[in-house]
Amino acid sequence: MFLNSRTESKELLKFRSLNARSTLSTKEKKHYLHLEKGYQGEVMFDQLTAKLENDLYILNGLYLEYNNAACQIDSLIISEETIYPFEIKNFEGDYLYELERFYFLPAKEEIKNPLDQLKRSNSLLRPLLKKQGINLPVEGSVTFVNPGFTLYQAPLNEPIISPTQLHQLMKKLNKTSSKLNGRHKKLADQLLAMHLVESPYAWKPIYTYGKLKKGILCPRCYSFMISIGDKKLVCSKCGCEESVDSGVLRSVKEHKLLFPDLKITTIGVHEWCRVVGSTKVVRRILFENFTASGYGRWFYFE
Ligand SMILES: [Zn+2]
């Protein structure tokens, strides 16, 4: 049973928006594509765990801080007798494991060791469980979900699950006898309550309102949409259609994410969305969906 649904991180949403509205540096672009790919991998993993029928709690995407340590757990499964944190990787291509290090082939470029990331979540979870009086083993693993991934010299003594073992893993999780009780629920609730809104490792890109391209981004391919009359938007790239109301509301959300300190005003949203012909339409949408505050020049929506 999923106790929370996975959503894109604020960091990914910001980068996705900035990628469409500005030119990212090579480093930023690389990081952005890495985030998109990582998220796709997590969604792939969720599609598998969604099919589990056993009595399990599944927590998707946790950012935790405890005892001055921070960690990100991509997926956490609580069974009656074991806690399973998963570090999910959507790596593609050939990799090599050598002397406790991971390399991307053929250039043999060293990458961050995903086992270290797993160790971090294990060492954060153990004292946390202890404090709750829960005496369950933590069995984390680094799980590679992309079928195009190969790890040469994969160590047998490390908790690594390769794409060809995923099926077996799900079978195991489904077969282990598990009967959850109130203590498991309490632990799950506690973890969800501790969950931070933003990853402690999130990159903070630098951008300014004036330099970003204005317009409404397509919800499917993130290209700019054009308006057809007063009510409809169409993506010029993929043909996706949407009502003006829904496009404006999405854009307001994006505006809030990028500029949490800027107030939402009719003029501001009209400029941000660019393709909505009249300010009257924007004003109506804002009135229908937000609470108006202030007077005259200081009139805004929240
Ligand atoms: Zn599109």
Side-chain angles (χ1 to χ4, degrees), residues 5-47 50 60-61 88 90 92 145-148 198-199 202-203 205-260 262 264 266-286 288-290 301:
S5 55
R6 189 181 301 282
T7 49
E8 287 105 326
S9 66
K10 276 191 174 187
E11 186 188 17
L12 170 56
L13 291 174
K14 269 187 203 169
F15 270 99
R16 193 182 273 168
S17 165
L18 295 172
N19 182 53
R21 296 181 185 276
S22 65
T23 311
L24 296 179
S25 69
T26 316
K27 221 174 142 191
E28 286 170 335
K29 180 97 181 186
K30 200 176 160 195
H31 181 66
Y32 162 60
L33 294 175
H34 177 75
L35 290 175
E36 282 285 8
K37 199 150 191 193
Y39 182 70
Q40 285 166 13
E42 290 160 14
V43 171
M44 269 158 80
F45 189 76
D46 295 348
Q47 284 165 353
N60 295 316
I88 301 164
N90 190 11
E92 201 172 346
V145 291
N146 195 305
E198 202 158 6
S199 160
W203 271 36
I206 293 163
Y207 49 90
T208 51
Y209 180 85
K211 289 211 173 128
L212 296 186
K213 256 188 242 162
K214 314 296 186 285
I216 297 179
L217 299 180
C218 167
R220 202 192 293 159
C221 75
Y222 321 120
S223 304
F224 285 97
M225 302 189 89
I226 49 170
S227 56
I228 308 281
D230 259 2
K231 294 209 167 92
K232 203 163 105 182
L233 299 166
V234 177
C235 172
S236 43
K237 199 168 172 194
C238 76
C240 178
E241 290 188 8
E242 188 183 25
S243 71
V244 164
D245 285 42
S246 135
V248 167
L249 289 176
R250 276 194 307 106
S251 303
V252 169
K253 224 170 145 186
E254 195 187 329
H255 185 285
K256 276 185 164 174
L257 173 80
L258 292 173
F259 306 101
L262 276 185
I264 303 297
T266 305
I267 303 285
V269 172
H270 184 250
E271 182 185 82
W272 179 245
C273 293
R274 208 180 54 93
V275 291
V276 183
S278 126
T279 48
K280 273 187 198 151
V281 175
V282 173
R283 201 176 151 82
R284 176 194 48 82
I285 298 171
L286 292 178
E288 282 174 9
N289 294 281
F290 296 91
F301 296 88

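Numbering of ligands and ligand atoms starts at 1, following listing order.
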(request) Indicate yes or no: at least one non-hydrogen side-chain atom of R16 is less than 4.5 angstrom from one of E8. (result)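 A side-chain contact exists here, since the closest heavy-atom pair is under 4.5 Å.
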(message) For a 4.5 angstrom cut-off between non-hydrogen side-chain atoms, does R21 reach F224?
(response)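 A side-chain contact under 4.5 Å exists here.
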(message) The criterion is side-chain contact (heavy atoms from CB on, under 4.5 Å); which residues satisfy it with D245, sequence neighbours excluded?
(response)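 Here the qualifying residues are S243, R284, I285, E288.
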(request) May I ask you to check whether E11 and Y32 show a side-chain donor-acceptor distance below 3.5 Å? (result)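 E11 vs Y32: no donor-acceptor pair found between side chains.
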(request) Check the Zn ion (ligand 1) and write out every protein N, O or S atom at under 2.8 Å, as residue and atom. (result)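 Those protein N, O or S atoms (cut-off: under 2.8 Å from the Zn ion (ligand 1)) are C218 SG, C221 SG, C235 SG, C238 SG.
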(message) Rounded to the nearest 0.5 Å, what separates atom CD in E42 from atom OG in S9?
(response)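 These two atoms lie 8.0 Å from each other.
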(message) Check whether Y222 forms a cation-pi arrangement with K237 (NZ or CZ under 6.0 Å from the six-membered ring centre, at most 45° off the ring normal).
(response)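 No cation-pi geometry.
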